[in-house]
Amino acid sequence: MTNSITIFKREMISYFYSPIAYIVIAVFLLSSGYFFARILALSQQATLMYSLANTQVILSILAPVITMRLLSEEVKSGTIEMLMTAPVTDFEVVFGKFLAALCLYLVMLAPTLLYVVFLGWVGDPDMGPIISSYIGLALMGAMFVSIGLLMSALTRNQIVAGVLGIVTLVILFYLGFAVSGTEGWYVPVLQYVGTYDHWEPFTKGLVDTKDVIYYVSITVLCLFITIRTLESSKWR
Amino acid sequence: MIQVDHLSKRFGDKTAVDDISFRVHEGEILGFLGPNGAGKSTTMRILTGFLPATSGTARVAGYDVFSDSLNVRKQIGYLPENVPLYLDMRVNEYLTFRAQLKGVPKKDRRARIQEALEKCGVVEVQNQIVGTLSKGYRQRVGLADTMVHDPKILILDEPTIGLDPNQIRQVRALIKELGKKHTILLSTHILPEVEMICGRVIIIDRGKLVAIDTPGNLTSKLRGGATIHLEAKGPLGRIKAGLEGIPGVLKVKGEDESVALSGARTKTHHFVLETDKGRDVREEVFNAFVENKWVLLGMKKEAVTLEEVFHQITTREAEETAEPLPPGEGPAPKGGIKETVSGLIKKIKA
Ligand SMILES: Nc1ncnc2c1ncn2[C@@H]1O[C@H](COP(=O)(O)OP(=O)(O)OP(=O)(O)O)[C@@H](O)[C@H]1O
Ligand SMILES: [Mg+2]
């Protein structure tokens with residue numbers, strides 16, 4: 001565990017030495033700020049519900065950008081050899097990197113708390129849905145980041161890893177949408193697999209165990225496959 | 001310290017390491033010598049737990065490299081080929097990270113890092129970003145990393161490659177110094193390096209272990225005898241014939257023949273004599289000169305270095321196989337270190 005913290009710290013140093021952290025944060029703030037302002041102006045309601053609902057697509061794009069170089073770059077530059085010949089386990093490496101990506105993701109979200117402060121100043125927002133939305137964002141972030149990390153383990157090219165991650169997340173996002181209104185046995189399956197139906201309840205103030213389990217289990221599954229991928233890369 | 005038994009590694013149907021067995025004893029500096037693609041790096045990667053072996057076993061400090069990899073890695077400081085470092089970190093940040101990762105206790109950390117920085121001569125660049133360092137300095141940072149947790153064993157893959165001559169000397173001196181406290185396994189293609197710093201040498205070729213011995217023994221085993229350099233005045237052809245007649249002289253090379261052919265008798269000639277094992281022919285040479293009233297200006301017996309042995313072997317091969325050369329032209333220099341090493345390997349196998 002201490003090794004995961006050590007790796008976490010290194011990745012954070014690396015994030016803030018590179019332009020990635022700043023670019024990701026800036027893009028997120030610009031786009032979420034735009035939605036916030038537009039939606040607030042249109043709805044005239046002191047709620048974050050609609051604007052946070054919209055951030056999911058932005059996050060589907062930004063999360064893989066955060067994770068894309070985490071493992072692919074290590075393999076490409078050969079630093080993986082230094083890393084894996086130190087006394088650390090594959091789990092500690094993957095978990096440390098996961099924590100770092102999740103942390104940057106949360107740092108990226110943090111400034112949106114100012115919107116909440118702003119809402120409190122101009123109106124009287126219902127805090128329940130706001131709090132549950134942030135819980136949902138954190139859980140969703142864990143899942144997005146773990147999927148991005150897995151993609152980074154699958155290829156040594158970080159751009160490919162980023163694109164794979166974005167494509168996967170965007171497909172997962174539209175999966176539920178695409179079938180809504182149609183009928184068939186696959187509809188509930190795809191809606192369960194898709195991310196949108198799990199996210200929406202959080203924006204309405206509902207923290208449902210079904211959704212929590214969805215996010216957590218996919219996160220754990222992806223981390224597990226990532227560790228396995230890292231192990232098996234030795235057996236070239 | 002390191003026990004390797006019947007170790008093999010295959011990549012697909014390509015055998016990179018083929019049934020290698022050897023021991024590295026505590027406190028010893030062992031050199032791993034072989035041409036490109038011999039399997040040096042692959043063996044080291046197996047020892048450090050980065051790659052699994054296809055068959056065979058290896059134990060480091062008593063721990064199996066496969067089943068007890070974590071304990072093995074705690075005992076080892078490893079410098080991979082090409083020294084992959086995180087280019088975006090500062091040198092001291094990087095070493096702090098590595099020291100933490102390798103479990104250096106917090107209270108010792110500053111001192112350990114300071115010592116590594118000083119020993120490897122990177123104190124003055126400790127606040128620089130690794131990516132802005134020159135190749136030689138990166139190499140040193142890599143070395144500082146290998147020793148930061150004071151491991152029992154250092155495994156260094158071509159530690160002096162890409163350094164300038166001064167840095168090579170410094171790094172060799174450093175490795176020798178480290179050898180007093182640590183067991184070291186290092187790989188190289190540079191023969192003098194092995195002679196200078198290694199107690200024993202392993203030579204591998206295409207995955208197979210060809211020889212394992214001290215550099216001294218290897219040289220004397222391989223060496224036909226000493227080389228004697230002569231400087232003389234007189235009729236070149238007759239001197240050459242005379243020298244060739246001396247028992248124990250294997251081969252005579254007159255290096256100044258072109259001058260001699262132009263008829264300039266007063267010009268000096270250089271002769272290189274290769275002599276039989278364990279025979280000193282200098283007295284006979286001197287007598288031959290006295291009897292024939294040739295003028296001997298100088299005579300020098302040379303201790304043959306490993307590298308010269310290698311070179312001799314290959315040039316001899318070249319002479320044996322090549323068309324008869326016109327007088328005055330020595331065998332075409334067949335330079336490359338690869339040829340010389342493979343020449344040595346042929347000789348050992350013979
Ligand atoms: N990951 C790999 N996949 C396939 N073949 C490999 C792999 N790694 C090494 N090899 C092959 O194994 C052989 C031994 O390689 P190795 O890197 O151990 O040689 P080396 O002795 O270190 O050579 P050099 O002096 O050039 O560093 C080579 O033929 C190489 O092509
Ligand atoms: Mg190599």
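Chain letters run A, B, ... following the sequence lines, proteins first, then strands; residues in each count from 1.
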Quick check for you: among K74(B), E81(B), K102(B), E93(B), which has the greatest number of heavy-atom pairs under 4.5 Å with chain A? E93(B)
On a heavy-atom basis, the closest approach of S14(A) and D88(B) is OG-OD2, 2.5 Å
Quick check on Q75(B) against chain A: is it the side chain, the backbone, both or neither that has a heavy atom closer than 4.5 Å? neither
Heavy-atom count around Y192(A) OH within 6.0 Å, excluding the residue itself: above 12? yes
Should the heavy atoms of other residues, nucleotides or ligands under 6.0 Å from CZ of R38(A) be counted, would the total exceed 12? no
Which atom of V88(A) lies closest to which atom of R73(B), heavy atoms considered: O-NH1, 2.9 Å
Identify the two heavy atoms, one from M82(A) and one from R98(B), that lie closest to each other, and give their separation to 0.1 Å. O-NH1, 3.0 Å
Distance (rounded to the nearest 0.5 Å) between I13(A) CD1 and Y86(B) OH: 11.5 Å
Sort E74(A) into side chain, backbone, both or neither according to what part of it lies under 4.5 angstrom from a heavy atom of chain B. side chain
Going through the distances and angles, do K9(A) and Q100(B) end up as a side chain to side chain contact (heavy atoms under 4.5 Å, CB included)? CA-CA 11 Å; K9(A) 280 194 281 192; Q100(B) 285 173 354; 3.7 Å; yes
Can you establish whether the number of heavy atoms outside K210(A) located under 6.0 Å from its atom NZ is more than 12? yes
Part of D145(B) within contact of chain A (heavy atom distance under 4.5 Å): side chain
Counting only heavy atoms not in E26(B) (residues, nucleotides, ligands), do more than 12 fall under 6.0 Å from its CD? no
Taking the side chain as every heavy atom from C-beta outward, state whether L83(A) and L101(B) have any atom pair closer than 4.5 Å. yes
Contact between T85(A) and I76(B) at the side-chain level, heavy atoms closer than 4.5 Å - yes or no? no
Return yes when atom NZ of K119(B) has more than 12 non-hydrogen atoms of other residues, nucleotides or ligands closer than 6.0 Å, and no otherwise. yes
Hey, are the side chains of Y78(B) and E81(A) touching, using non-hydrogen atoms and a 4.5 Å cut-off? yes
Flag yes if more than 12 heavy atoms outside F16(A) fall under 6.0 Å of its CZ atom; otherwise flag no. yes
Can you see which heavy atom on S77(A) is nearest to which on P84(B), and at what distance? O-CB, 3.5 Å
